[in-house]
Number of protein chains: 2
Amino acid sequence: MSSTERRQQIVSRAAGLFDKTGYSSTTMDDIAKEVGVAKPTLYHYFPSKDDILHAIHEEFIDLLIDRHEARSETGLRAEQLLLEVMADILELMETHRGHVRVFFEHHRELPAEARGPIKAKRDRYERIVEDLIAAGVESGVFRQADPHLAALATFGMCNWAYQWYRPGGALRSRELAYQFWNYLVYGLGTDQLTPATARAVPPA
Amino acid sequence: MSSTERRQQIVSRAAGLFDKTGYSSTTMDDIAKEVGVAKPTLYHYFPSKDDILHAIHEEFIDLLIDRHEARSETGLRAEQLLLEVMADILELMETHRGHVRVFFEHHRELPAEARGPIKAKRDRYERIVEDLIAAGVESGVFRQADPHLAALATFGMCNWAYQWYRPGGALRSRELAYQFWNYLVYGLGTDQLTPATARAVPPA
DNA sequence: GAAAACCGACCCACTGGTCGGGAAATTCCT
DNA sequence: AGGAATTTCCCGACCAGTGGGTCGGTTTTC
């Protein structure tokens with residue numbers, strides 16, 4: 001096993017344990033055992049536990065950004081791109097469960113120096129989705145809505161799934177993305193609800 | 001200060017710290033200091049740190065359930081009840097930030113005996129929302145949709161807000177609930193999207 | 001005067017990280 | 001090619017700080 005392979009292995013096994021047990025409840029010995037190696041060996045690949053956490057964060061957000069960018073030249077319309085983004089996120093819950101939970105729950109545990117760069121990438125990705133929604137509004141496929149808020153709603157639907165989604169279940173991640181996209185784009189309501197009034201002001 | 005008041009105070013201060021620093025990174029000394037008391041005194045009110053965690057969980061889910069039940073006799077229609085549920089959740093992010101984060105992120109840290117009862121209540125609340133959506137489908141205000149999935153989408157939008165919502169911000173929780181409810185019920189799409197085809201099958 | 005509330009000092013298991021050295025693979029030299 | 005030199009990879013044993021929890025006792029309240 002090459003050096004980079006082992007490094008990779010440590011990251012993904014650690015992510016799995018953090019997912020199962022949480023970051024602080026997982027010890028370096030746990031990780032070492034899971035990898036099949038003694039604790040000091042871990043320190044040959046990572047200077048500290050926090051650096052493993054950092055590697056997980058970086059790997060995850062890079063995956064998301066890369067997937068989107070690989071698609072950005074295809075000329076898909078805004079609503080289609082939105083579906084693909086949702087599918088990206090949900091797919092990573094199949095393939096990178098540990099990364100997802102760590103990325104969402106353990107960013108506060110990141111060492112101070114690492115937080116900045118990660119947050120920058122996170123913001124960049126949020127910005128991508130906002131811009132995408134804004135483009136949809138511009139082109140007329142989405143109604144007038146605050147892109148920031150709509151992006152947060154989208155992320156909410158998808159990101160929250162890490163709390164309940166289990167890979168082996170009945171629903172493949174892509175189908176799930178499609179259902180959620182459907183709720184978001186077409187809404188749950190029928191014609192029996194009167195859009196004009198309902199969209200105005202919240203009832204007290 | 002009465003005994004129950006102090007108990008209450010410990011719970012809410014602890015929740016605040018857990019929110020800020022995370023459960024395992026917060027020490028009993030931290031909590032004691034925050035409450036203005038010495039560590040052993042905490043053990044006069046709670047047998048262990050885990051029991052504080054448990055108290056937070058219970059308080060939170062009870063709040064949600066109670067609020068819904070207080071409303072269940074009012075004869076509101078399904079879509080209105082759904083809005084109220086969303087508003088409940090988001091309001092607790094203003095008034096009980098710590099509880100929210102703890103409830104969502106630290107259920108795995110609960111001692112084994114406590115997990116069961118809490119999960120039962122959690123399931124009960126999820127069931128309430130599912131039934132509410134099912135009733136809306138039944139009465140024709142919501143289109144044919146899987147109530148379970150639609151509930152998960154709803155929870156996603158609202159629950160995820162604990163990650164970014166800050167009480168002092170521009171948006172009051174009720175307005176936010178209304179915006180999200182609007183997205184969910186009416187959708188983001190305009191007439192330029194063709195509902196019939198789009199709702200069918202996910203594109204490969 | 002007894003029960004409830006409170007605390008300083010202590011204990012000890014646990015865990016992130018280190019140390020010094022041993023095996024295994026690579027490179028270098030002749 | 002073959003053996004020495006060096007780097008890479010690996011580990012058993014240890015260290016020191018931390019933090020949940022306890023003990024024995026004092027103060028406050030009723």
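Note: hydrogens, waters and symmetry copies are ignored here, and every other heavy atom, side chains too, is used. Chain A is the first sequence line, chain B the second, and so forth, proteins listed ahead of strands; every chain is numbered from 1.
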State, yes or no, whether a side-chain contact exists between B/Trp181 and B/Thr154 at a heavy-atom distance under 4.5 Å.
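The answer is no; the side chains never approach within 4.5 Å.
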Between [X] ([atom1]) and [N] ([atom2]), how many Å, whole number?
X	N	atom1	atom2	value
A/Ile52	C/dG16	CD1	C1'	11 Å
A/Phe46	C/dT18	CZ	C1'	19 Å
B/Arg7	C/dC6	CZ	C1'	17 Å
B/Met28	C/dC11	CE	C1'	16 Å
B/Tyr43	C/dA5	OH	P	18 Å
B/Asp50	D/dG19	CG	C1'	13 Å

Measuring from [X]:[atom1] to [Y]:[atom2], what's the distance to the nearest 0.5 Å?
X	Y	atom1	atom2	value
A/Glu91	A/Leu176	CD	CG	12.0 Å
B/Arg101	B/Tyr162	CZ	OH	5.5 Å
B/Ile56	B/Leu53	CD1	CG	6.0 Å

Side chains of [X] and [Y], donor plus acceptor under 3.5 Å:
X	Y	result
B/Asp51	B/Tyr43	no
B/Tyr23	B/Asp50	yes
B/His57	B/Glu109	no

Of residues 10-25 of chain A, the positions that come close to DNA chain D - non-hydrogen atoms, cut-off under 4.0 Å
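Contacting residues: none.
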Going 5' to 3' along nucleotides 7-12 of chain D, which nucleotides have protein heavy atoms under 4.0 Å from the base (write B), which only from the sugar-phosphate (write S), and which from neither (write -)?
--BSBB
Determine, using ring centers only, whether A/Tyr165 and A/Trp160 are less than 6.0 Å apart.
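For A/Trp160 and A/Tyr165, the ring centres are not under 6.0 Å apart.
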